Amino acid sequence: MTIRVLLADDQAMIRGGLRLILEDQDDITVVGEAADGAQAVELARRLRPDVCLIDIRMPGLDGIDVTRALAGPGVTDPLRVVIVTTFDLDEYVHGTLRAGAVGFVLKGAAPTLLIEAVRAAHAGDALISPSITLRLLRNLAPAARPTPVTRPAQPLSARETEVIRAIARGRTNQEIAASLFIALSTVKSHLATIQNKLGVRNRVEIAAWAWESRLMDFSEPSN
(Lines give C-alpha, C1' and ligand atoms only; values in the text may rest on other atoms or scores of the structure.)
Protein backbone atom coordinates (compact mmCIF):
# COMPACT_ATOMS: atom_id res chain seq x y z
CA MET A 1 0.00 0.00 0.00
CA THR A 2 1.37 3.41 -1.02
CA ILE A 3 1.34 6.18 1.60
CA ARG A 4 0.13 9.43 0.03
CA VAL A 5 1.88 12.49 1.48
CA LEU A 6 1.25 16.24 1.24
CA LEU A 7 4.19 18.61 1.79
CA ALA A 8 3.71 22.16 3.11
CA ASP A 9 6.74 24.46 3.41
CA ASP A 10 7.29 28.00 2.14
CA GLN A 11 10.76 27.10 0.81
CA ALA A 12 10.81 25.29 -2.53
CA MET A 13 14.26 23.81 -1.85
CA ILE A 14 13.04 22.26 1.40
CA ARG A 15 9.98 20.77 -0.32
CA GLY A 16 12.23 19.39 -3.05
CA GLY A 17 14.57 17.80 -0.53
CA LEU A 18 11.71 16.22 1.42
CA ARG A 19 10.20 14.89 -1.82
CA LEU A 20 13.51 13.27 -2.80
CA ILE A 21 13.83 11.59 0.62
CA LEU A 22 10.27 10.31 0.67
CA GLU A 23 9.90 9.19 -2.93
CA ASP A 24 13.10 7.17 -2.64
CA GLN A 25 10.90 4.78 -0.63
CA ASP A 26 8.80 2.25 -2.52
CA ASP A 27 5.79 2.73 -0.24
CA ILE A 28 5.62 6.56 -0.18
CA THR A 29 4.52 9.07 -2.82
CA VAL A 30 4.09 12.84 -2.64
CA VAL A 31 0.68 13.84 -4.01
CA GLY A 32 0.90 17.61 -3.52
CA GLU A 33 2.96 20.58 -2.34
CA ALA A 34 1.85 23.81 -0.66
CA ALA A 35 3.86 27.00 -0.19
CA ASP A 36 1.68 28.55 2.50
CA GLY A 37 -0.78 27.60 5.21
CA ALA A 38 -4.00 28.41 3.39
CA GLN A 39 -2.92 26.41 0.36
CA ALA A 40 -1.96 23.52 2.63
CA VAL A 41 -5.45 23.40 4.15
CA GLU A 42 -7.13 23.64 0.73
CA LEU A 43 -4.98 20.92 -0.84
CA ALA A 44 -5.26 18.63 2.16
CA ARG A 45 -9.03 18.84 2.23
CA ARG A 46 -9.23 18.24 -1.52
CA LEU A 47 -6.60 15.51 -1.89
CA ARG A 48 -7.17 13.74 1.48
CA PRO A 49 -3.55 12.52 1.79
CA ASP A 50 -2.68 9.79 4.28
CA VAL A 51 -0.11 12.04 5.98
CA CYS A 52 0.46 15.81 5.89
CA LEU A 53 4.00 17.08 6.56
CA ILE A 54 3.60 20.67 7.72
CA ASP A 55 6.18 23.38 8.48
CA ILE A 56 5.62 25.73 11.43
CA ARG A 57 6.49 29.14 10.01
CA MET A 58 4.59 29.78 6.76
CA PRO A 59 2.87 32.85 5.28
CA GLY A 60 -0.76 33.30 6.28
CA LEU A 61 -1.76 30.39 8.48
CA ASP A 62 1.12 28.95 10.52
CA GLY A 63 1.65 25.26 11.19
CA ILE A 64 -0.39 25.31 14.39
CA ASP A 65 -3.39 26.88 12.64
CA VAL A 66 -3.08 24.41 9.75
CA THR A 67 -2.89 21.48 12.16
CA ARG A 68 -5.95 22.69 14.07
CA ALA A 69 -7.90 23.07 10.81
CA LEU A 70 -6.98 19.58 9.59
CA ALA A 71 -6.76 17.54 12.80
CA GLY A 72 -8.17 19.60 15.65
CA PRO A 73 -10.64 18.27 18.23
CA GLY A 74 -13.61 19.68 16.31
CA VAL A 75 -12.66 18.13 12.95
CA THR A 76 -15.09 15.38 11.94
CA ASP A 77 -12.68 13.36 9.81
CA PRO A 78 -9.20 14.46 10.94
CA LEU A 79 -6.11 14.00 8.82
CA ARG A 80 -2.76 12.83 10.18
CA VAL A 81 -0.38 15.75 10.57
CA VAL A 82 3.36 15.55 11.25
CA ILE A 83 5.22 18.79 11.92
CA VAL A 84 8.63 19.10 10.22
CA THR A 85 10.46 22.21 11.36
CA THR A 86 13.80 23.84 12.13
CA PHE A 87 12.44 25.45 15.29
CA ASP A 88 12.86 23.36 18.43
CA LEU A 89 10.71 25.56 20.67
CA ASP A 90 8.45 24.32 23.46
CA GLU A 91 5.60 26.60 22.40
CA TYR A 92 5.59 25.05 18.94
CA VAL A 93 5.82 21.48 20.22
CA HIS A 94 2.99 21.97 22.72
CA GLY A 95 0.89 24.02 20.31
CA THR A 96 0.96 21.56 17.44
CA LEU A 97 0.46 18.44 19.56
CA ARG A 98 -2.45 20.04 21.40
CA ALA A 99 -3.85 21.06 17.99
CA GLY A 100 -3.90 17.40 16.89
CA ALA A 101 -0.50 16.62 15.32
CA VAL A 102 0.72 13.04 15.66
CA GLY A 103 4.39 13.78 15.13
CA PHE A 104 7.06 16.44 15.50
CA VAL A 105 10.35 16.02 13.59
CA LEU A 106 13.25 18.45 13.31
CA LYS A 107 14.58 19.16 9.82
CA GLY A 108 18.09 18.45 11.03
CA ALA A 109 17.18 14.88 11.98
CA ALA A 110 18.30 11.90 9.93
CA PRO A 111 16.16 11.15 6.85
CA THR A 112 15.29 7.78 8.38
CA LEU A 113 13.47 9.55 11.22
CA LEU A 114 11.30 11.48 8.76
CA ILE A 115 10.43 8.25 6.96
CA GLU A 116 9.65 6.52 10.27
CA ALA A 117 7.40 9.43 11.25
CA VAL A 118 5.42 9.16 8.02
CA ARG A 119 4.98 5.42 8.39
CA ALA A 120 4.08 5.74 12.07
CA ALA A 121 1.43 8.39 11.34
CA HIS A 122 -0.03 6.24 8.57
CA ALA A 123 -0.21 3.28 10.96
CA GLY A 124 -2.01 5.35 13.57
CA ASP A 125 1.04 5.78 15.79
CA ALA A 126 3.01 8.92 16.63
CA LEU A 127 6.67 9.89 16.61
CA ILE A 128 8.48 12.83 18.18
CA SER A 129 12.17 13.59 17.64
CA PRO A 130 14.01 11.87 20.52
CA SER A 131 15.98 15.04 21.24
CA ILE A 132 12.84 16.82 22.47
CA THR A 133 10.77 13.97 23.90
CA LEU A 134 11.95 14.07 27.52
CA ARG A 135 11.86 17.86 27.66
CA LEU A 136 8.33 17.86 26.26
CA LEU A 137 7.10 15.31 28.76
CA ARG A 138 8.76 17.07 31.70
CA ASN A 139 6.95 20.27 30.77
CA LEU A 140 3.64 18.41 30.75
CA ALA A 141 4.14 17.46 34.40
CA PRO A 142 1.85 18.89 37.11
CA ALA A 143 4.59 21.24 38.30
CA ALA A 144 4.38 23.03 34.96
CA ARG A 145 0.68 22.50 34.33
CA PRO A 146 -1.52 22.98 37.42
CA THR A 147 -4.72 21.84 35.67
CA PRO A 148 -6.31 18.67 37.12
CA VAL A 149 -5.37 15.36 35.52
CA THR A 150 -8.22 13.48 33.88
CA ARG A 151 -8.94 10.22 35.70
CA PRO A 152 -9.57 7.09 33.62
CA ALA A 153 -13.23 6.36 32.86
CA GLN A 154 -12.50 2.82 34.07
CA PRO A 155 -9.64 1.47 36.19
CA LEU A 156 -6.48 0.55 34.29
CA SER A 157 -5.27 -3.02 34.49
CA ALA A 158 -1.69 -3.81 35.47
CA ARG A 159 -0.88 -4.75 31.87
CA GLU A 160 -2.41 -1.54 30.53
CA THR A 161 -0.29 0.44 32.98
CA GLU A 162 2.82 -1.35 31.73
CA VAL A 163 1.90 -0.45 28.15
CA ILE A 164 1.33 3.19 29.12
CA ARG A 165 4.74 3.36 30.81
CA ALA A 166 6.37 1.91 27.69
CA ILE A 167 4.61 4.44 25.46
CA ALA A 168 5.74 7.29 27.73
CA ARG A 169 9.33 6.07 27.32
CA GLY A 170 8.95 6.33 23.53
CA ARG A 171 8.73 2.60 22.80
CA THR A 172 7.23 1.46 19.48
CA ASN A 173 4.49 -1.18 19.34
CA GLN A 174 7.04 -3.77 18.23
CA GLU A 175 9.34 -2.92 21.14
CA ILE A 176 6.46 -3.09 23.61
CA ALA A 177 5.40 -6.50 22.27
CA ALA A 178 8.97 -7.83 22.58
CA SER A 179 9.57 -6.45 26.08
CA LEU A 180 6.24 -7.70 27.46
CA PHE A 181 6.33 -11.00 25.54
CA ILE A 182 2.94 -10.41 23.93
CA ALA A 183 1.71 -10.34 20.33
CA LEU A 184 1.72 -7.12 18.32
CA SER A 185 -2.04 -7.46 17.88
CA THR A 186 -2.40 -7.59 21.68
CA VAL A 187 -0.44 -4.34 22.03
CA LYS A 188 -2.75 -2.67 19.53
CA SER A 189 -5.76 -3.98 21.42
CA HIS A 190 -4.39 -2.57 24.68
CA LEU A 191 -3.78 0.78 22.97
CA ALA A 192 -7.38 1.00 21.79
CA THR A 193 -8.65 0.18 25.28
CA ILE A 194 -6.29 2.68 26.93
CA GLN A 195 -7.31 5.47 24.55
CA ASN A 196 -10.97 4.76 25.33
CA LYS A 197 -10.41 4.73 29.11
CA LEU A 198 -8.33 7.92 29.10
CA GLY A 199 -10.43 9.71 26.50
CA VAL A 200 -7.39 10.51 24.32
CA ARG A 201 -6.82 10.21 20.58
CA ASN A 202 -3.28 8.89 20.12
CA ARG A 203 -0.11 7.66 21.83
CA VAL A 204 1.29 11.19 22.20
CA GLU A 205 -1.66 12.06 24.43
CA ILE A 206 -1.26 8.74 26.28
CA ALA A 207 2.38 9.68 27.02
CA ALA A 208 1.35 13.15 28.11
CA TRP A 209 -1.24 11.69 30.49
CA ALA A 210 1.37 9.33 31.97
CA TRP A 211 3.67 12.23 32.87
CA GLU A 212 0.90 14.59 33.93
CA SER A 213 -0.48 11.95 36.31
CA ARG A 214 3.00 11.22 37.75
CA LEU A 215 2.79 7.64 36.55
CA MET A 216 6.33 8.22 35.30
CA ASP A 217 9.43 9.25 37.23
CA PHE A 218 11.77 11.80 35.61
CA SER A 219 14.74 9.54 36.34
CA GLU A 220 13.33 7.02 33.88
CA PRO A 221 14.70 7.08 30.31
CA SER A 222 12.40 8.41 27.59
CA ASN A 223 13.76 6.30 24.74
Side-chain angles (χ1 to χ4, degrees), residues 63-64 67-68 71-75 78 80-83 85 88-106 113 116-117 120-121 123-223:
I64 298 176
T67 301
R68 189 176 295 111
V75 178
R80 292 163 182 164
V81 175
V82 174
I83 298 299
T85 182
D88 180 10
L89 300 176
D90 287 347
E91 62 185 282
Y92 289 156
V93 179
H94 288 290
T96 53
L97 295 180
R98 293 297 182 189
V102 296
F104 195 102
V105 178
L106 299 177
L113 189 66
E116 288 176 17
D125 293 336
L127 187 150
I128 303 173
S129 285
S131 62
I132 63 176
T133 300
L134 182 56
R135 191 185 76 232
L136 165 69
L137 296 175
R138 282 180 183 273
N139 289 343
L140 287 172
R145 299 184 69 249
T147 55
V149 176
T150 302
R151 303 185 71 84
Q154 302 174 45
L156 296 165
S157 69
R159 179 63 84 189
E160 288 163 356
T161 300
E162 288 181 310
V163 171
I164 291 173
R165 286 180 177 275
I167 291 170
R169 296 187 189 103
R171 303 288 191 263
T172 65
N173 287 355
Q174 290 82 0
E175 290 171 338
I176 295 172
S179 64
L180 298 181
F181 302 101
I182 56 179
L184 183 59
S185 59
T186 303
V187 175
K188 293 179 179 179
S189 177
H190 283 314
L191 280 174
T193 302
I194 290 167
Q195 286 178 203
N196 183 58
K197 287 185 177 182
L198 298 182
V200 299
R201 296 173 298 172
N202 54 55
R203 67 197 299 124
V204 173
E205 293 183 358
I206 291 174
W209 180 90
W211 289 85
E212 289 174 337
S213 64
R214 296 190 183 276
L215 186 66
M216 303 299 293
D217 185 300
F218 290 138
S219 64
E220 298 186 55
S222 64
N223 51 43

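Keep in mind it's a predicted model, so treat the numbers as computed, not measured.
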Query raised in the report: Got R159 and T186 here, is their nearest side-chain heavy-atom distance under 4.5 Å?
Result: no
Query raised in the report: Given side chains that start at C-beta, do those of L191 and I167 come closer than 4.5 Å, heavy atoms only?
Result: yes
Could you grab the distance from atom [atom1] of [X] to atom [atom2] of [Y], nearest 0.5 Å is fine?
| X | Y | atom1 | atom2 | value |
| --- | --- | --- | --- | --- |
| L97 | T67 | CG | OG1 | 9.0 Å |
| E160 | L198 | CD | CG | 9.0 Å |
| I206 | I194 | CD1 | CD1 | 5.5 Å |
| I164 | S213 | CD1 | OG | 7.5 Å |

Can you give me the closest heavy-atom contact between [X] and [Y], atom names plus distance?
| X | Y | result |
| --- | --- | --- |
| G63 | I83 | O-CD1, 4.3 Å |
| A121 | V82 | CB-CG2, 3.8 Å |
| P78 | A71 | CB-CA, 3.8 Å |
| V75 | R68 | CG2-O, 3.6 Å |
| A117 | V105 | CB-CG2, 3.6 Å |

Report task. Evaluate whether atom NZ of K188 has more than 12 neighbouring non-hydrogen atoms of other residues, nucleotides or ligands under 6.0 angstrom away. Result -> no
Requested in this report: Take H190 and I176, measure what side chain to side chain contact (heavy atoms under 4.5 Å, CB included) needs, and give me the verdict at the end.
Outcome: CA-CA 11 Å; H190 283 314; I176 295 172; over 6 Å; no
